[in-house]
Amino acid sequence: MTTPIQIVGRPGHPDFLDLPWELALEQWTGGRLVQVARGISRHVVRFVDYDGRIYALKETELAMAQREYRMLRALADRGLPAVEAVGVVSDRTTSTGDELPAMLITRFLDYALPYRYLIGAPTDALRNALVDAMAVLLVRLHLEGFYWGDCSLSNTLFRRDAGSLMAYLVDAETGELQPSRLTDGQREHDLSIARENIAGGLFDLAAQGRIPADTDPVAFTELGEARYHELWTELTSEDEFDAEERWRVEERIRRLNQLGFDVDELVVHRTADGARLRIQPAVVEEGHHSRRLVRLIGLEVQENQARRLLNDIDCFGAWIERETGSRPPEAVVAYRWLSEVFEPVIASIPAPLQARREPAELFHQLLEHRWFLSEAAGAEVTNDVAVRSLVEEILPRLPEERLIAGLATEELPVLRPLDDQRVPERVDGAPQGPVDDRS
């Protein structure tokens, strides 16, 4: 007999009515269930697949499910990186009338990687990127007035971002959202919880042999805390300089833009004698390059990916100018790049290999590979040559990270050096190397 349930959800997602809501979540079997490698949870969490879209279901008390649903919606409204809240299921009972817990439904991130997969990288590059990603996430949350209360690697997922990583909040159950940025005391308390949780998680992995023997959980955690303080200071500190050095205002804004942040408000004070100026960013928002790319061509990618794509668009514009003697408006260059460069590159990669990385990350891999090929050849290599080499030599050897969702935590593969390639030295966020001759 079908039991009555109530599903409060958002449009654009399945109705989930075909799931066995009359059973406790841990009793579900077969059907749409899939395994997902993930961190430790105090709740029963299972995952279901609807035509390639994976959703997480967490059993919890109704009030907690409703609160976390609202919190995730609020974070999304502020443009913060968190999983998407999809719905809340209540009024669940068994076929015999016994009450069952409510459930929170969230959308699992495509190409999301758990820290247990990344932390075992054979070189320092990905581990350092993981540290930076956690620091950026916590700074962004604190700037927006979000107190996490349970920051940990288990409550975070990561996506590749043009040689770096971007961290996403997964669990907002203990979070609190304030009307403005957190006080120093609130931030330090959240940091102390993060320090304890992250170090504890790493000690557990060390005991299981899942991380390199030379990885020090305490040093790892201290490095993350140091990166947090460095970024917080850069984003919020006050500069003082001579009144004649007004160019320093623009310099501060450019420096923040290079970090990926826009300055929405800047407070400028002049001393009583008019000889000195003090400036302090009042409101900063991450996503400078990704917003610019959306405005240009409507392509939504992560921040470092956007930086790389914008750099390639600029290179493409320079090539057009060399070929024709004039440079079209930026919007025209961007749309020509999209149709003549980006889309043909992605389309030329065989479908089975496209699951190795998301499209923007595949294009980043192409740019990196083309640079290395050009350096080795001592001459510029075209996109066509680089794509063929990427398809034949590199992509088949990379793990299918979109399918990581189909693995149990204990089945996670171990990263090899190929999966952890270092990025060439950069100037202003762009890889060194020649501008390519377009083919």
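Everything numeric here is computed off the predicted structure, so don't read it as measured data.
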Q: Are side-chain heavy atoms of Arg159 and Tyr168 found at a separation under 4.5 Å?
A: yes
Q: What verdict does the side chain to side chain donor-acceptor pair (under 3.5 Å) test give for Ser95 and Glu22, after you've listed the backbone C-alpha separation in whole Å, the side-chain angles of each residue and the deciding distance to 0.1 Å?
A: CA-CA 6 Å; Ser95 57; Glu22 71 280 3; over 6 Å; no
Q: Applying salt bridge (Lys or Arg N to Asp or Glu O under 4.0 Å) to Asp190 and Arg195, what does each step give before you reach the verdict?
A: CA-CA 9 Å; Asp190 216 14; Arg195 182 169 56 243; over 6 Å; no
Q: Going by heavy atoms in the side chains, are Ile7 and Asp15 under 4.5 Å from each other?
A: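 They are not in contact (no side-chain heavy atoms under 4.5 Å apart), so the answer is no.
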Q: Would Arg32 and Asp51 satisfy salt bridge (Lys or Arg N to Asp or Glu O under 4.0 Å), going step by step from the backbone distance to the final call?
A: CA-CA 10 Å; Arg32 296 190 178 276; Asp51 299 324; 5.4 Å; no
Q: Pro14 versus Arg53: any side-chain heavy-atom pair under 4.5 Å?
A: yes
Q: With heavy-atom distances below 4.5 Å as the criterion, would you say the side chains of Leu153 and Thr156 are in contact?
A: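 With C-beta onward as the side chain, the pair stays apart.
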Q: Below 4.5 Å, heavy atoms only, C-beta onward: do Leu182 and Phe146 meet side chain to side chain?
A: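 Not touching, per the 4.5 Å side-chain cut-off.
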Q: Side-chain donor-acceptor pair under 3.5 Å between Thr94 and Thr96, yes or no?
A: yes
Q: Are the side chains of Asp262 and Val284 in contact, using a 4.5 Å heavy-atom criterion?
A: no
Q: Check for a donor-acceptor pair, side chain of Glu303 on one end and backbone N or O of His289 on the other, with a separation under 3.5 Å.
A: yes
Q: What pairs with Arg270 under salt bridge (Lys or Arg N to Asp or Glu O under 4.0 Å), at least two apart in sequence or on another chain?
A: none
Q: If only side-chain N and O atoms count, and only distance matters, is there a donor-acceptor pair under 3.5 Å linking Glu84 with His13?
A: yes
Q: Answer with yes or no after comparing the ring centroid distance for Tyr55 and Phe47 against a 6.0 Å cut-off, counting only values under it.
A: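 Ring centroids of Tyr55 and Phe47 are no less than 6.0 Å from each other.
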Q: Would you say Asp161's side chain and Ser164's backbone share a donor-acceptor pair under 3.5 angstrom?
A: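 Side chain of Asp161 to backbone of Ser164: no pair is present.
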Q: Has the side chain of Gln354 got a donor or acceptor atom that lies under 3.5 Å from a matching backbone atom of Ile349?
A: yes
Q: Does a donor on one side chain sit under 3.5 Å from an acceptor on the other, for Glu173 and His43?
A: yes
Q: Mind checking whether Tyr228 and His142 have ring centres under 6.0 Å apart?
A: yes
Q: Using the salt bridge (Lys or Arg N to Asp or Glu O under 4.0 Å) rule, take Arg92 and Glu59 through it: C-alpha gap first, then chi angles, then the decisive distance, then the call.
A: CA-CA 11 Å; Arg92 297 176 60 224; Glu59 251 181 2; 3.3 Å; yes
Q: Could you list the residues that satisfy side chain to side chain contact (heavy atoms under 4.5 Å, CB included) with Glu285, not counting sequence neighbours?
A: Arg291
Q: With a 4.5 Å limit on heavy-atom distance, are the side chains of Arg357 and Gln365 in contact?
A: yes
Q: Take Glu361 and Arg160 through the test salt bridge (Lys or Arg N to Asp or Glu O under 4.0 Å) and record every step on the way to the result.
A: CA-CA 7 Å; Glu361 194 67 19; Arg160 292 186 184 271; 5.7 Å; no
Q: Mind checking ring-ring contact (aromatic ring centres under 6.0 Å, His included) for Trp232 and listing every partner two or more places apart, or none if nothing turns up?
A: none
Q: Given 3.5 Å as the limit, does a donor-acceptor pair link the side chain of Trp148 with the main chain of Thr174, or not?
A: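 Side chain of Trp148 to backbone of Thr174, a donor-acceptor pair under 3.5 Å: no, none is there.
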Q: Would a 4.5 Å heavy-atom cut-off, applied to side chains only, mark Ser154 and Tyr115 as touching?
A: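 Yes, at least one pair of side-chain atoms sits under 4.5 Å.
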